[in-house]
**Student:** 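One structure, as structure tokens, below. Some questions next.
Per chain, numbering begins at 1; letters A, B, ... match sequence-line order. Note that this is a predicted model, so its numbers are computed, not measured. Side chains included, hydrogens not; waters and symmetry mates left out as well; all remaining heavy atoms used.
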Amino acid sequence: MITEEKKEEKNLNFIEEIIEADLQSGKYEQIVTRFPPEPNGYLHIGHASSICLNFGLTQKFPGYTNLRFDDTNPVTEDTEYVESIKNDIRWMGFEWKNELYASDYFDTLYEFALKFINAGLAYVDDSTSEEIAALKGTPTEPGKDSPYRNRSIEENLALFEQMKNGDFPDGSRTLRAKIDMAHINMLMRDPILYRIKHAHHHRTGNKWCIYPMYDFAHGQSDSIENVTHSICTLEFAPHRELYDWLIAKLEIYPSHQYEFARRNLNYTVTSKRKLLQLVQDGHVNGWDDPRMPTLSGLRRRGYTPESIRDFCDRIGVARRENMIDVGLLEFCVREDLNKKALRRMVVLDPLKVLITNFPEGVIEMCHSENNPEDIASGMREIPFSREIFIEKEDFLEIPTKKYFRLAPGKMVRLKGAYIIQCDDFVKDENGEITEVHCSYIENSKSGQDTTGINVKGTLHWVSAPHAVSVEIRLYDRLFSVENVSGEEGDFKDYINPESLSIITGYAEPALTDTKPGEAFQFLRKGYFATDTDSKTEKPVFNRTVTLRDNWAKAAEK
RNA sequence: UGGCUGAUGGUGUAAUGGUAACACAGGACAUUUUGGUUGUCUCGUUCAAGGUUCGAGUCCUUGUCGGCCAACCA
């Protein structure tokens, strides 16, 4: 027990190690982190890592986590996204201390800009974006000073005031920091601090027509909020130098930035730009399409927050490039659902079976456990009759070796009911098997079997007259290649055309009592979740994930 | 010809100068009224070359390979 605890404490990721050291040295008594989404899209599985990291840190160490919307670009942002983001974070099981917005600081940020101008550290540049780019240089060549770089403080003040007042059109002027056009770090070559955008902002409305850039808003917001550990992804590492420089020159609270590698999942994309395109071009049915790697899509698909948190724990946090197998995500949801999901029998591809020695018109009730992993979930009744459906793939005219399902002369157990033996089958003119004739073995009923017969196969089934038709949506991976962004050309060329197929299934009556979001295991078929489209008269289910299938694996070889 | 950053089984993550480990994936067996679950076993790893050291995945040097950096995006 003691060694186990010790081990758990010892296995810290690199950020936790930094925090542990900061706490131990007395640098901080508590930590403050923040989750800083831009409200320009829905949260996806990659964000889940960041959420678990930022919120998890302040569960593990003293302190708290804020939610801060990084809303400095009004043209792409919207309250719809704000709401979905808040909803998704709560669904994941986390609660923020303060709900904050970078736009709350626009006045302060404007003051900061003035301070910079007065200190001779910022200037208004009349150059076009092309001119700015041309003078910027390249990673190997230094840039050149803008002709507007040495305006007087008074002129800069006046011009910036006019920018704020809306005297200039979009793109005509910017406010730039005066740092060093020859700096080895491109981001330090007089970065743009403010730009003109005559656009309506989702929170400040039309109050502003100039908006701060990320670099002049993010670190400043961190500082205003006394964020101790500002955690972001690796591509922001070069920004850190600017982050620190701005805070130092402003002489404000020194937050510190730490970067970790974003988590990449194979067979999927996690770029808001690409996800937006999938939605807008109609390749999927919205942000919450169950094929989407968005949290709302995963939720609708049937993934549980527990399984996603477990996934994030397992993949950990590091600084190296990675490509995580979606198989791990699937493992996590199976493990969670195995404990929770009620078992139901649903035939997806029916084949009629006639129990020839079972009396016509008789209905016999069978019983089966709702979940063998959870005795408390109880039992349910299942009607049995002379005519049932089994899965087409569960009968073979000529069985292959090691096939222990139904075949002429063979016996199988019907789950929760009788052992049956196949006596005969019927083919249509196309050679298609349309019906199988069996006889049930007396005294072999589940729970009161006195026959001593041992069968290898157990099949799921449903009584034909009692079968309820339900809509079932089967999903496959959205992309057919492992590393979508590693491929040439348009990523949409790699969309899997068979990512969705809709079929009708035949369910036992107990399944009809369901509400959207509920999870079931369809015996031998997989985990399914009731869809938001589901109605009492027409239930709809999404396949979350199939069961592990060793037989299918063996059959492939 | 630049800067920053990284490299441990197929994948992801540990090992903080002292026996390279855990999980997933793969394979085998057992159990099983779900070919599920569970259990047992198994496979396989330090980018390379030098150096320091009694001892190097870890420290040093050089090299190789990967990622990121020239949006009025974040």
**Student:** Indicate, with a heavy-atom threshold strictly under 4.0 Å, whether Tyr194(A) touches base, sugar-phosphate, or nothing.
**Tutor:**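 Nothing, no nucleic acid heavy atom in range.
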
**Student:** Using the C1' atom in both, what is the distance from A14(B) to G9(B), to the nearest Å?
**Tutor:** 13 Å

**Student:** Less than 4.0 angstrom between a side-chain N/O of Arg405(A) and OP1 or OP2 of U34(B), yes or no?
**Tutor:** no

**Student:** Would you classify Asn185(A) as touching base, sugar-phosphate or nothing, given that sugar-phosphate means primed atoms plus P, OP1 and OP2, and contacts are heavy atoms under 4.0 Å?
**Tutor:** nothing

**Student:** Quickly work out the Phe331(A) CZ to U11(B) C1' distance and round it to whole Å.
**Tutor:**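 The distance from CZ of Phe331(A) to C1' of U11(B) comes to 14 Å, rounded to the nearest Å.
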
**Student:** Tell me whether Lys410(A) at atom NZ has more than 12 heavy atoms from other residues, nucleotides or ligands lying less than 6.0 Å away.
**Tutor:**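 Not more than 12 within 6.0 Å, no.
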
**Student:** Now, which nucleotide makes the Watson-Crick or G-U wobble pair with C73(B), with each of the two distances under 3.5 Å?
**Tutor:** none

**Student:** Between Tyr243(A) and Phe236(A) (judged by ring centroids, cut-off 6.0 Å), do the two rings come close enough to count as a pair?
**Tutor:** no

**Student:** Under 4.0 Å between a side-chain N/O of Lys553(A) and OP1 or OP2 of G26(B), yes or no?
**Tutor:** yes

**Student:** Could you tell me the Watson-Crick or G-U partner of C4(B), where both distances fall under 3.5 Å? Say none if there is no partner.
**Tutor:**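 Result: G67(B).
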
**Student:** When you check the gap from the basic side-chain N to the acidic O, do Glu335(A) and Arg314(A) get nearer than 4.0 Å?
**Tutor:**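 Looking at Arg314(A) together with Glu335(A), the answer is yes, because their closest N to O distance falls below 4.0 Å.
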
**Student:** Going by the angle between their ring planes, with limits at 30° and 60°, are Phe528(A) and Phe522(A) parallel, tilted or perpendicular?
**Tutor:** parallel

**Student:** Using the rule given for side chain to side chain donor-acceptor pair (under 3.5 Å), can you reason through Glu38(A) versus Asn40(A), listing the C-alpha separation, both sets of side-chain angles and the distance that settles it, and then say yes or no?
**Tutor:** CA-CA 6 Å; Glu38(A) 184 189 10; Asn40(A) 67 345; 2.8 Å; yes

**Student:** Spell out yes or no: do the side chain of Gln521(A) and the base of U34(B) have one donor N/O and one acceptor N/O closer than 3.5 Å?
**Tutor:**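 Yes, a donor-acceptor pair under 3.5 Å.
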
**Student:** With rounding to the closest Å, how many angstrom separate the P atoms on G18(B) and A23(B)?
**Tutor:** 23 Å

**Student:** Whole angstroms only, please: what is the CD-C1' distance between Glu141(A) and G3(B)?
**Tutor:** 14 Å

**Student:** Taking the minimum atom-to-atom distance to the side chain of Thr138(A), which one of A14(B), G35(B), A70(B) wins?
**Tutor:**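 Output: A70(B).
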
**Student:** What does Gly143(A) touch in the nucleic acid at a heavy-atom separation under 4.0 angstrom: a base, only the sugar-phosphate, or nothing?
**Tutor:** nothing

**Student:** A74(B), U34(B), G35(B): which one has an atom nearest the side-chain heavy atoms of Asn550(A)?
**Tutor:** G35(B)

**Student:** Using the P atom on both, measure C41(B) against A21(B) and round to a whole Å.
**Tutor:**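 Per the computed distance, 15 Å lies between those P atoms.
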
**Student:** Sticking with atom P, work out how far U11(B) lies from C47(B), rounded to a whole angstrom.
**Tutor:** 13 Å

**Student:** For Val317(A), which contact category applies under a 4.0 Å heavy-atom criterion: base, sugar-phosphate, or nothing?
**Tutor:** sugar-phosphate

**Student:** Please measure how far the C1' atom in A70(B) lies from the corresponding atom in G12(B), and state the result in whole Å.
**Tutor:**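 One C1' to the other, the span is 34 Å.
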
**Student:** Quickly, which of Glu508(A), Lys392(A), Lys525(A), Glu391(A) forms a side-chain contact (heavy atoms from CB on, under 4.5 Å) with Val347(A)? Name it, please.
**Tutor:** Glu391(A)

**Student:** On the side chain of Arg413(A), is there an atom forming a donor-acceptor pair with the base of U33(B) - under 3.5 Å, no angle test?
**Tutor:**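 Side chain to base: pair found, below 3.5 Å.
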
**Student:** Looking across every strand, which nucleic acid part, if any, lies under 4.0 Å from Arg320(A) by heavy atom: base, sugar-phosphate, or nothing?
**Tutor:**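 Here Arg320(A) touches the bases of the nucleic acid.
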
**Student:** For the residue pair Trp208(A) and Phe106(A), does the interplanar ring angle fall in the parallel (under 30°), tilted (30 to 60°) or perpendicular (over 60°) class?
**Tutor:**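 Taking Phe106(A) first and then Trp208(A), their aromatic rings stand perpendicular (interplane angle over 60°).
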
**Student:** Less than 4.0 angstrom between a side-chain N/O of Arg240(A) and OP1 or OP2 of C4(B), yes or no?
**Tutor:** no

**Student:** Would Arg176(A) count as a cation-pi partner of Tyr123(A), with NZ or CZ less than 6.0 Å from the six-membered ring centre and within 45° of the ring normal?
**Tutor:** no

**Student:** Using the rule for Phe, Tyr, His and the six-membered ring of Trp, do Trp551(A) and G35(B) stack at under 5.5 Å and under 30°?
**Tutor:** yes

**Student:** Which nucleotide, in any strand shown, forms a Watson-Crick or G-U wobble pair with G35(B), with both distances under 3.5 Å?
**Tutor:** none

**Student:** Is the phosphate of U13(B), meaning OP1 or OP2, less than 4.0 Å from a side-chain N or O of Asn11(A)?
**Tutor:** no

**Student:** Angle between ring planes, Phe491(A) versus Phe479(A), binned at 30° and 60°: parallel, tilted or perpendicular?
**Tutor:** tilted

**Student:** With both distances kept under 3.5 Å, what pairs with U53(B), Watson-Crick or G-U wobble?
**Tutor:**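 Across all strands, not a single nucleotide pairs with U53(B).
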
**Student:** Distance check needed: U5(B) P versus Ile184(A) CD1, whole Å only.
**Tutor:**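 Those two atoms, CD1 and P, are 13 Å apart.
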
**Student:** Separation of Asp215(A) atom CG from C73(B) atom C1', in whole Å?
**Tutor:**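 It works out to 11 Å between those atoms.
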
**Student:** Taking only the side-chain nitrogens and oxygens of Arg334(A), find out if one of them lies under 4.0 Å from OP1 or OP2 of U38(B).
**Tutor:**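 So the side-chain polar atoms of Arg334(A) never come under 4.0 Å of the phosphate oxygens OP1 or OP2 of U38(B).
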
**Student:** Mind listing the N/O atom pairs, protein and nucleotides 66-68 of chain B, below 3.5 Å?
**Tutor:**
residue: G67(B); atom: O2'; partner: Glu321(A); partner atom: OE2; Å: 3.0

**Student:** Tell which nucleotide pairs with G10(B), taking only Watson-Crick or G-U wobble pairs whose two distances are both under 3.5 angstrom.
**Tutor:**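 When the pairing criteria are applied, C24(B) turns out to be the nucleotide that pairs with G10(B).
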
**Student:** Using a cut-off of 4.0 Å on non-hydrogen atoms, how would the nucleic acid contact of Ala318(A) be classed: base, sugar-phosphate, or nothing?
**Tutor:**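 Sugar-phosphate contact only - Ala318(A) comes under 4.0 Å of backbone atoms but never of a base.
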
**Student:** So, under a plain 3.5 Å distance rule, would you say the side chain of Arg343(A) forms a donor-acceptor pair with the base of U34(B)?
**Tutor:**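 Side chain to base: pair present.
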
**Student:** Measure the acute angle between the ring planes of Tyr418(A) and Phe384(A), then classify it against the limits of 30° and 60° as parallel, tilted or perpendicular.
**Tutor:** tilted

**Student:** Sticking with atom C1', work out how far C59(B) lies from U52(B), rounded to a whole angstrom.
**Tutor:** 8 Å

**Student:** Report the distance from atom CD of Glu482(A) to atom P of G10(B), rounded to the nearest whole Å.
**Tutor:** 14 Å

**Student:** CZ of Phe35(A) versus C1' of A74(B): gap in Å, rounded?
**Tutor:**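 After rounding, the reported distance stands at 12 Å.
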
**Student:** With rounding to whole Å, what would you report as the distance between C54(B) and U62(B) at their C1' atoms?
**Tutor:** 26 Å

**Student:** On RNA chain B, does the nearest nucleotide to Ala237(A) precede the nearest nucleotide to Asn338(A) from the 5' side, or the other way round? Give the residue.
**Tutor:** Ala237(A)

**Student:** Remember a base hit wins even if backbone is also touched, and classify Ser49(A) as base, sugar-phosphate or nothing at under 4.0 Å, heavy atoms.
**Tutor:** nothing

**Student:** Report yes if a side-chain nitrogen or oxygen of Thr76(A) is closer than 4.0 Å to either non-bridging phosphate oxygen (OP1 or OP2) of A74(B); otherwise report no.
**Tutor:** no

**Student:** Would you mind reading off the distance between Leu265(A) atom CG and G12(B) atom P, rounded to a whole angstrom?
**Tutor:** 11 Å

**Student:** So, does the side chain of Arg263(A) form a donor-acceptor pair with the base of G12(B) at under 3.5 Å?
**Tutor:**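 Donor-acceptor pair under 3.5 Å: no.
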
**Student:** With a cut-off of 6.0 Å (strictly less than), are more than 12 heavy atoms of other residues, nucleotides or ligands near NZ of Lys456(A)?
**Tutor:**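 Atom NZ in Lys456(A) is not packed in, count stays at 12 or less.
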
**Student:** If the P atom of G66(B) is compared with that of U1(B), how far apart are they to the nearest Å?
**Tutor:**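 Those two atoms are separated by 14 Å.
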
**Student:** Centre of Tyr267(A)'s six-membered ring, under 6.0 Å away, within 45 degrees of the axis: is that where NZ or CZ of Arg477(A) sits?
**Tutor:**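 Satisfied, under 6.0 Å and within 45°.
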
**Student:** Between N or O atoms, less than 3.5 Å apart, protein on one side and nucleotides 29-31 of chain B on the other: list the pairs.
**Tutor:**
none

**Student:** Run the salt-bridge test on Arg151(A) and Asp126(A) with the 4.0 Å N-O cut-off and return the result as yes or no.
**Tutor:**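 Salt bridge flag = yes for Asp126(A) with Arg151(A).
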
**Student:** When the distance from NZ of Lys339(A) to P of U38(B) is rounded to whole Å, what number comes out?
**Tutor:**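 Checked: the NZ to P distance equals 10 Å.
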
**Student:** Name the residue closer to the 5' end of RNA chain B, choosing between Tyr403(A) and Ala133(A) according to the nucleotide with the nearest heavy atom.
**Tutor:** Tyr403(A)

**Student:** Is the phosphate of A23(B) approached by Arg314(A) (side-chain N or O, under 4.0 Å from OP1 or OP2)?
**Tutor:** no

**Student:** Is there a donor N/O on one and an acceptor N/O on the other, under 3.5 Å, for the side chain of Thr140(A) and the base of U1(B)?
**Tutor:**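 By the distance-only test, no, there is no pair.
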
